[in-house]
Number of protein chains: 2
Amino acid sequence: MGKQMTEMLKGTLEGIVLAILGVQPAYGYEITARLRERGFEDLAEGTIYALLIRIEQRGLVDVEKVPSEKGPPRKVYSLNRRGQEYLEEFWRTWSFLSERIGQLHEGEV
Amino acid sequence: MGKQMTEMLKGTLEGIVLAILGVQPAYGYEITARLRERGFEDLAEGTIYALLIRIEQRGLVDVEKVPSEKGPPRKVYSLNRRGQEYLEEFWRTWSFLSERIGQLHEGEV
DNA sequence: TACCAGTACATAGTAACGCTGAATAGTGAC
DNA sequence: GTCACTATTCAGCGTTACTATGTACTGGTA
């Protein structure tokens with residue numbers, strides 16, 4: 001990751017993952033792979049796992065262990081009620097910030 | 001600042017300040033005041049100063065000390081060539097990220 | 001059998017960033 | 001002489017993503 005992207009992901013990556021889980025449950029390896037496909041090519045492996053553990057400890061997601069045919073069991077995360085609320089708050093914060101920055105980009109200072 | 005906003009500002013606040021300086025030179029107190037007017041109401045005083053020192057040390061801005069009628073001398077920062085390039089890189093990173101997150105917000109996963 | 005690639009998760013240590021809280025210093029008004 | 005406003009600085013802290021490495025299960029292959 002470029003340094004700028006790394007810093008910019010702080011605070012937003014969490015929202016990105018929660019939004020993905022909001023659509024449908026997923027497990028860490030899967031989320032990492034999907035993000036890499038979608039342009040975050042050198043997203044570090046460990047980053048997502050650390051993030052998932054964090055949001056689990058905050059009670060934003062529910063976890064279920066599901067056996068895999070191809071390796072160790074998967075930890076499938078799904079967004080719960082609290083996570084939903086937190087995600088809505090994230091969208092409000094994001095909307096505010098992206099609007100301001102958008103204005104700056106258009107040159108309206 | 002809310003916790004989410006604090007985290008989200010990491011990496012973006014720098015770009016915001018560089019963009020402001022790209023329009024016209026400014027000093028710390030002024031930048032903080034302007035940002036507060038524009039919705040970042042509880043932006044911490046010290047944050048901007050620390051950021052300015054950082055970008056100065058990286059050689060992204062030029063500094064000039066200008067006397068003030070109302071207090072201690074101002075340190076007026078202006079974006080230089082390297083800063084301009086760095087800002088362009090910031091916009092590229094920002095555009096990529098905001099596009100991805102925008103897609104997520106629209107539900108296109 | 002032994003080895004490797006792919007799948008899947010975990011974690012200790014590090015760097016960077018914004019915030020907290022306090023200090024310093026100059027000006028003008030009351 | 002004290003207060004408010006202007007203006008900058010800095011040490012210490014919490015949070016986050018990255019680095020690097022380790023563990024573990026499966027299937028293929030030499």
Side-chain angles (χ1 to χ4, degrees), chain A residues 1-18 25-36 40-58 60-61 63-77 86 90 93 97, chain B residues 1-18 25-36 40-58 60-61 63-77 86 90 93 97:
Chain A
M1 284 281 148
K3 198 178 150 292
Q4 289 199 19
M5 184 58 94
T6 291
E7 290 308 321
M8 233 182 259
L9 281 178
K10 291 185 180 175
T12 53
L13 185 58
E14 191 176 283
I16 290 171
V17 170
L18 289 175
Y27 56 98
Y29 191 83
E30 182 188 6
I31 295 171
T32 302
R34 272 208 240 164
L35 288 174
R36 283 181 173 161
F40 301 96
E41 277 131 21
D42 12 73
L43 182 70
E45 180 88 44
T47 299
I48 293 298
Y49 291 113
L51 192 157
L52 288 170
I53 287 169
R54 219 163 58 221
I55 62 179
E56 182 190 352
Q57 283 171 348
R58 287 209 208 119
L60 306 178
V61 287
V63 193
E64 198 189 351
K65 224 162 200 165
V66 177
S68 161
E69 312 103 28
K70 293 185 184 173
R74 299 165 174 165
K75 281 180 75 177
V76 176
Y77 293 82
Y86 191 85
F90 169 81
T93 307
L97 185 61
Chain B
M1 285 282 149
K3 197 177 151 291
Q4 289 199 20
M5 182 59 94
T6 290
E7 291 309 320
M8 235 182 257
L9 283 178
K10 292 186 182 178
T12 54
L13 185 58
E14 190 176 281
I16 290 172
V17 170
L18 289 174
Y27 55 97
Y29 192 83
E30 183 189 5
I31 295 171
T32 302
R34 271 207 241 166
L35 288 175
R36 283 182 174 163
F40 300 97
E41 277 131 21
D42 14 72
L43 182 71
E45 184 85 47
T47 299
I48 293 297
Y49 291 111
L51 191 158
L52 288 170
I53 288 170
R54 220 164 56 222
I55 62 179
E56 182 190 351
Q57 283 172 347
R58 288 209 209 119
L60 306 178
V61 287
V63 193
E64 198 190 350
K65 225 162 199 165
V66 177
S68 163
E69 310 104 29
K70 293 185 185 173
R74 298 164 174 167
K75 282 179 75 176
V76 176
Y77 294 82
Y86 191 85
F90 169 79
T93 307
L97 186 61

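None of these values were measured; they are calculated from a predicted model. Chain identifiers are assigned alphabetically (A, B, ...) following the order of the sequence lines, protein sequences preceding nucleic acid strands; residue numbering begins at 1 within each chain.
Looking at which nucleotide of DNA chain C each of A:Lys3 and A:Gly28 is closest to, the 5′-most match is held by A:Gly28.
Between the P atom of D:dT15 and the CD atom of B:Gln4 lies a distance of 14 Å, rounded to the nearest Å. With rounding to whole Å, B:Glu30 atom CD is found 12 Å from D:dT6 atom P. Between A:Arg74 atom CZ and D:dT26 atom P the separation is 13 Å, expressed in whole Å. Rounded to whole angstrom, the span from the CE atom of B:Met5 across to the P atom of D:dT15 amounts to 19 Å. Distance B:Lys65 NZ to D:dT6 C1': 15 Å, rounded to the nearest Å. The distance from atom CD of B:Glu14 to atom C1' of C:dA16 is 10 Å, rounded to the nearest whole Å. The distance between atom OH of A:Tyr77 and atom C1' of C:dA10, rounded to the nearest whole Å, is 10 Å.
Between B:Tyr29 and the phosphate of D:dT6, there is a side-chain N or O to OP1/OP2 separation shorter than 4.0 Å. Residue A:Lys10 has no polar side-chain atom (N or O) positioned under 4.0 Å from OP1 or OP2 of D:dC18. In this model, the phosphate group of C:dA8 is approached by a side-chain N or O of A:Tyr27 to a distance below 4.0 Å at OP1 or OP2. Put simply, A:Lys75 has a side-chain N or O that comes within less than 4.0 Å of OP1 or OP2 on C:dA10.
Nearest heavy atom pair, residue B:Ala26 against residue B:Ile31, reads CB-CG1, 3.8 Å. B:Phe40 approaches B:Ile16 most closely through the heavy-atom pair CZ-CD1, 4.3 Å.
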request  = Check step by step if side chain to side chain contact (heavy atoms under 4.5 Å, CB included) holds for A:Thr12 and B:Thr12.
outcome  = CA-CA 11 Å; A:Thr12 53; B:Thr12 54; over 6 Å; no

key: side chain to side chain contact (heavy atoms under 4.5 Å, CB included) between B:Tyr86 and A:Gln4, intermediate numbers included   = CA-CA 10 Å; B:Tyr86 191 85; A:Gln4 289 199 19; 3.3 Å; yes

ask   = Can A:Glu30 and A:Arg74 be said to form a salt bridge (Lys or Arg N to Asp or Glu O under 4.0 Å), step by step?
value = CA-CA 10 Å; A:Glu30 182 188 6; A:Arg74 299 165 174 165; over 6 Å; no

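Atom-to-atom distance recorded for A:Thr47:OG1 and A:Leu9:CG is 8.5 Å, nearest 0.5 angstrom.
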Close N/O contacts between protein and nucleotides 27-30 of chain C (under 3.5 Å):
{"residue": "C:dT27", "atom": "O3'", "partner": "B:Glu69", "partner atom": "O", "Å": "3.3"}

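Listed by residue number, the members of residues 44-58 of chain A with any heavy atom below 4.0 angstrom from DNA chain C are A:Gly46, A:Tyr49.
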